[in-house]
Each structure stands twice: as structure tokens, then as C-alpha cells.
Amino acid sequence: RAQYNPFTNYGYSKLGNILHAKELDARMREQGKQVTVLAVHPGAVDTELARYLLDFLRPYMGDTLLNFGVAVSQRIFTLTVHEGALTQLW
């Protein structure tokens with residue numbers, strides 16, 4: 001049985017989003033519909049997915065440096081979940 005890897009599965013889910021958008025776009029074009037289909041990336045969003053990254057980095061960075069880095073990067077680089085959702089609305 002394969003071991004669960006959150007990063008691999010996250011990548012598969014994003015690939016699925018892109019493939020779905022491409023297929024929907026092709027079907028809309030076949031039917032002559034004037035619809036724009038997009039697959040978007042919201043950027044860095046502060047979600048629970050980060051907990052897996054923290055567990056991965058902890059042995060290399062230690063708790064103090066890791067906690068400081070997370071606190072700084074969250075303030076500077078990440079969107080809230082609400083802001084991340086808004087990037088997908090037109």
C-alpha cells in the first residue's frame with residue numbers, strides 16, 4: 001500500500017482542476033458557446049495544508065526558527081482563506 005503524501009495529492013488535485021477546465025472549455029467551444037473557462041491559482045493562502053509543510057521542515061529548521069519564519073511569512077506573503085477564495089471570482 002502506498003504511503004499518503006499530502007504534497008503529491010495536493011498536486012494531483014490541482015492537475016484535476018486544470019484538466020477539468022480544459023475539457024469544459026473544449027466542450028463549450030464544440031457547442032459554439034461563447035464561454036471563457038479558466039483555471040486559476042489564488043496564490044499563497046494560509047490554510048491547514050501548511051501543517052504538513054511545517055512537519056516536513058521541522059527536523060531541518062528547529063521549532064524556534066520555523067515558528068519565526070512562519071509568523072513573518074504569513075503576515076507578508078499569504079492571503080486569508082477569504083481573500084484566496086475571492087481571487088477565483090470574476
Side-chain angles (χ1 to χ4, degrees):
R1 182 173 175 169
Q3 188 169 1
Y4 176 77
N5 183 313
F7 296 110
T8 299
N9 288 298
Y10 176 79
Y12 287 150
S13 75
K14 299 304 109 184
L15 176 60
N17 291 343
I18 293 167
L19 294 174
H20 176 263
K22 289 180 66 66
E23 180 64 24
L24 182 58
D25 184 66
R27 290 182 185 200
M28 293 293 105
R29 288 177 190 270
E30 283 176 5
Q31 295 177 18
K33 308 275 178 154
Q34 293 185 334
V35 174
T36 301
V37 180
L38 304 169
V40 299
H41 189 294
V45 180
D46 185 18
T47 66
E48 285 295 308
L49 185 64
R51 74 176 181 257
Y52 297 109
L53 181 59
L54 299 179
D55 291 341
F56 175 77
L57 292 175
R58 186 166 279 109
Y60 303 101
M61 298 179 69
D63 285 332
T64 303
L65 182 59
L66 186 60
N67 290 338
F68 175 75
V70 167
V72 170
S73 67
Q74 281 179 324
R75 288 182 167 242
I76 296 173
F77 299 113
T78 62
L79 301 172
T80 65
V81 172
H82 179 78
E83 293 167 332
L86 291 176
T87 64
Q88 299 183 45
L89 301 177
W90 189 309

Any side-chain heavy atom of N17 within less than 4.5 Å of one from H20? no
Give the cluster check for L24 versus V35: same hydrophobic cluster or not, with ILVMFWY residues linked at side-chain heavy-atom distances below 4.5 Å. yes
V37 to A21 - nearest heavy-atom pair and separation: CG1-O, 3.2 Å
Can you sort out the partners of E23 under salt bridge (Lys or Arg N to Asp or Glu O under 4.0 Å), two or more places apart, ordered by chain and number? R27
L79, V81: one ILVMFWY side-chain cluster at the under-4.5 Å cut-off? yes
If you draw a 6.0 Å radius around NZ in K22, do more than 12 non-hydrogen atoms from other residues or ligands fall strictly inside? no
Correct closest heavy-atom pair for E83 and T80 would be OE1-N, 2.8 Å
